[in-house]
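Here's the structure we're looking at; comments come further down.
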2 protein chains.
Amino acid sequence: MSRQRWRTVKEIRIADVAQLAGVSTATVSRVLANPDQVRPKTHALVMEAVRRSGYTPNSTARNLRTRRTMTVLVVAPRLTNPVFAQVLRGVDDELTQNGYGIIVGNLDNRTEREARYVDLALSRQVDGVLLMNGRIPESGKRSMGESGLPMVAMCSAIPGGRVPNVTVQDRAASRKAVEYLAQLGHRKFGYISGVPGTFIEMERFTGFLEGIAAAGFGQEDFVRWEGPFMFSTGVSAAQSFLRLRERPTGIFAACDESAIGFIKTVTTAGVRVPDDVSVIGFDGIEFADYIEPTLTTFQQPLHEIGRAGARTLLRMIQGKMDPAEWDIQLPLRLLERGTTGPAPRPGG
Amino acid sequence: MSRQRWRTVKEIRIADVAQLAGVSTATVSRVLANPDQVRPKTHALVMEAVRRSGYTPNSTARNLRTRRTMTVLVVAPRLTNPVFAQVLRGVDDELTQNGYGIIVGNLDNRTEREARYVDLALSRQVDGVLLMNGRIPESGKRSMGESGLPMVAMCSAIPGGRVPNVTVQDRAASRKAVEYLAQLGHRKFGYISGVPGTFIEMERFTGFLEGIAAAGFGQEDFVRWEGPFMFSTGVSAAQSFLRLRERPTGIFAACDESAIGFIKTVTTAGVRVPDDVSVIGFDGIEFADYIEPTLTTFQQPLHEIGRAGARTLLRMIQGKMDPAEWDIQLPLRLLERGTTGPAPRPGG
DNA sequence: TCGATTTTTGTAATCGATTACATCTTTTTG
DNA sequence: CAAAAAGATGTAATCGATTACAAAAATCGA
């Protein structure tokens, strides 16, 4: 069994089909790519030969000649985060429908892993790149920015107008989150961030600050905990929270995973949600529906973000980008559910 | 801005590098692929030219000539299921380290979506296929089985010896699950299945039945609910559960998502876990750590499954498959946690 | 130093499609 | 019905690498 040859089935080439149909390879190629350039009779003849032989064009050869690969690289910060998995689904739907294949690049939250995908994408001549990591990937050798490749950012915008961005109204929603908590009577707040320095984090934090100001509060009225979009960030935020003498009662987490990690940790420590502390998340991942109580959060149209990003990229690839659609911002929906409630009576 | 040409950067070809270094293209190629076949002095010369020009080989051309694409197709039943996302991480780690790219195929639980990936994979000349969907994909045109392409199944085995399988001890664990519940005093059981007919489901159900028998029970002592590995399967199982006059007290779900969906639904209806009903899951996804109480479940080495599957596939591709490693079964670990407890007193 | 041997390099064929251009057929038009 | 126009098909160049084979250069031994 070892040292066995696997690719045993003989490949059928376009020349074989041509011979079978009694035409030239050019005609076969035309039948498959431009059916209207060929006589119906010939068309039928060739199609029959294709069917009989079970011919599938070798895209490797086609790619070389046409200088297109019908392949797109999708870079995700972390595939096990359901946000990105969900966006990827939308991307996949749109792209496979149009005959494109997807190469996934999973960074696992480590920026240094970008490099391998830059080289991969450039050497494989992908037709375009979808970025969910909030920056244009770099490798020591070559920058993806200089390559002239069509790129679109999703979820986390890349500011500077270099690429179209498909995002949600991060700032407005974050602001609304604080206002919502303030309306419920909360007077001291907590903010669980994303990765400091990323644009998406700046947007959400700015919105949070706006909300704080709009509700008449200031710098001294909130605590901020930092970390990437992961459960563990919520866990460490909660550990810090539990050590505080004067604990915030209204928490806004910039992602659902953090919110859930926070809730689990404080609940285990005997703090009740929402009686003692209210938590509001961001994302609307499916799992948020299954914790008890159900998470109050902003629902992103994740699947639609993926589709919109893919569609935008396809337009860029086809060279017919509509400038009016350079940036797309999709709406969010606040799901008012179980983890938020009236602020506890002070000293209650 | 519209109708703009994107690929503006001139591509550097091997001929350019050759000219720059004053050697032939053959030499450049050799420097990059077989450095020991070339004089150190020439090597340095060429490397300098490569560096100066920023040359990256065009893999499209290379693929055509070498008849390898260094690309693997990974078929997942549903990417938003963290089980598969996690396995994919392991696959990605192993493959990108070896210079392979990954094309993902997401079935979203719909078998008919297989077809597009069969065609995609065959026309793109992928070097191998990793299957997590428990069957060899088919399209009307051509079967992936007849292609002679190296394939490896992960998670859900494909019986019949056609492909190597990388799995866990599904049957033994399922059996142990029932025995564990029986030990806790449970006398009436529930089983939440996977997709009926799949091998993985048969394994887990067989194990469940073995456990039932081993504990001295029979057909009349359990209820079975069917559905794919999703939250919603657990939800509908719970709805059915709630309608029963005589409810089981020991539930085994063949996947964590179902378990979590079940728990959430019965909890909302006022049934207490684990006081009224014990639930034990299967998978050990990260979410399971964050529900309250923490889910009792079998932890799969998901990342390792991915790595092992990828390594096996690489060996097949290289034609040095060790028959002893045809099937790999990795161990599971029972995490005894919060959702299981002693059976409630009858009529309590 | 000279011929034999080994190592290094170059030339040109090759992978399998697409497509510009040429040629041959068919259709249209006056 | 002939000439012109339009349409269908074929021939061969092309994409950019790898690699078999040939040729050249370097090394070795006597």
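All chains are named by letter (A, B, ...) in the order of the sequence lines, taking the proteins before the strands, and each is independently numbered beginning at 1.
- For the pair B/R315 and B/E325, the salt-bridge criterion is met [side-chain N within less than 4.0 Å of a carboxylate O].
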Extract all donor-acceptor atom pairs below 3.5 Å that involve side chains of residues 38-48 of chain B and protein atoms in other chains or at least two apart in sequence.
| residue | atom | partner | partner atom | Å |
| --- | --- | --- | --- | --- |
| B/E48 | OE1 | B/R51 | NE | 3.4 |
| B/E48 | OE2 | B/R51 | NH2 | 3.1 |

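- Per the geometry, CG belonging to A/N63 stands 14 Å off C1' belonging to D/dA17, to the nearest Å.
- Side-chain atoms of B/N81 come within 3.5 Å of backbone N or O of B/V83 as a donor-acceptor pair.
- Checked by atom type, the side-chain pair A/R124/B/T71 shows a donor-acceptor distance below 3.5 Å.
- Of the inter-residue distances, the one linking A/Q125 atom CD with A/L149 atom CG reads 8.5 Å to the nearest 0.5 angstrom.
- When rounded to the nearest whole Å, the span between CZ of B/R13 and P of D/dT18 equals 14 Å.
- For A/Y55, counting side-chain heavy atoms from C-beta on, the closest listed nucleotide (C/dT18, C/dA17, D/dT19) is C/dA17.
- Side-chain atoms of B/T167 and B/D327, non-hydrogen and from C-beta on, never get closer than 4.5 Å to each other.
- Between A/S29 and C/dA17, a side-chain N or O to OP1/OP2 separation shorter than 4.0 Å is absent.
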Pairs: protein N or O with nucleotides 4-13 of chain D N or O, under 3.5 Å:
| residue | atom | partner | partner atom | Å |
| --- | --- | --- | --- | --- |
| D/dT9 | OP1 | A/T42 | OG1 | 2.1 |
| D/dT9 | OP2 | A/R39 | N | 3.0 |
| D/dT9 | OP2 | A/T42 | OG1 | 3.4 |
| D/dG10 | OP2 | A/S24 | N | 2.8 |
| D/dG10 | OP2 | A/S24 | OG | 3.1 |
| D/dG10 | OP2 | A/T27 | OG1 | 2.6 |
| D/dG10 | N7 | A/R30 | NH2 | 2.8 |
| D/dG10 | O6 | A/R30 | NH1 | 3.3 |

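- Look at CE on A/M70: it is 17 Å from P on C/dA17, rounded to the nearest Å.
- Remark: P of D/dC15 and CZ of B/R62 are 19 Å apart, rounded to the nearest angstrom.
- For the pair B/Q19 CD and D/dA17 P, the interatomic distance rounds to 14 Å; values are reported in whole Å.
- Rounded to whole Å, the distance from CZ on A/R68 to P on C/dT18 is 10 Å.
- Here D/dA17 presents its C1' atom at 15 Å from CD1 of B/I12, a figure rounded to the nearest Å.
- Going from atom CG of B/N58 over to atom P of D/dT18 covers 10 Å, rounded to whole Å.
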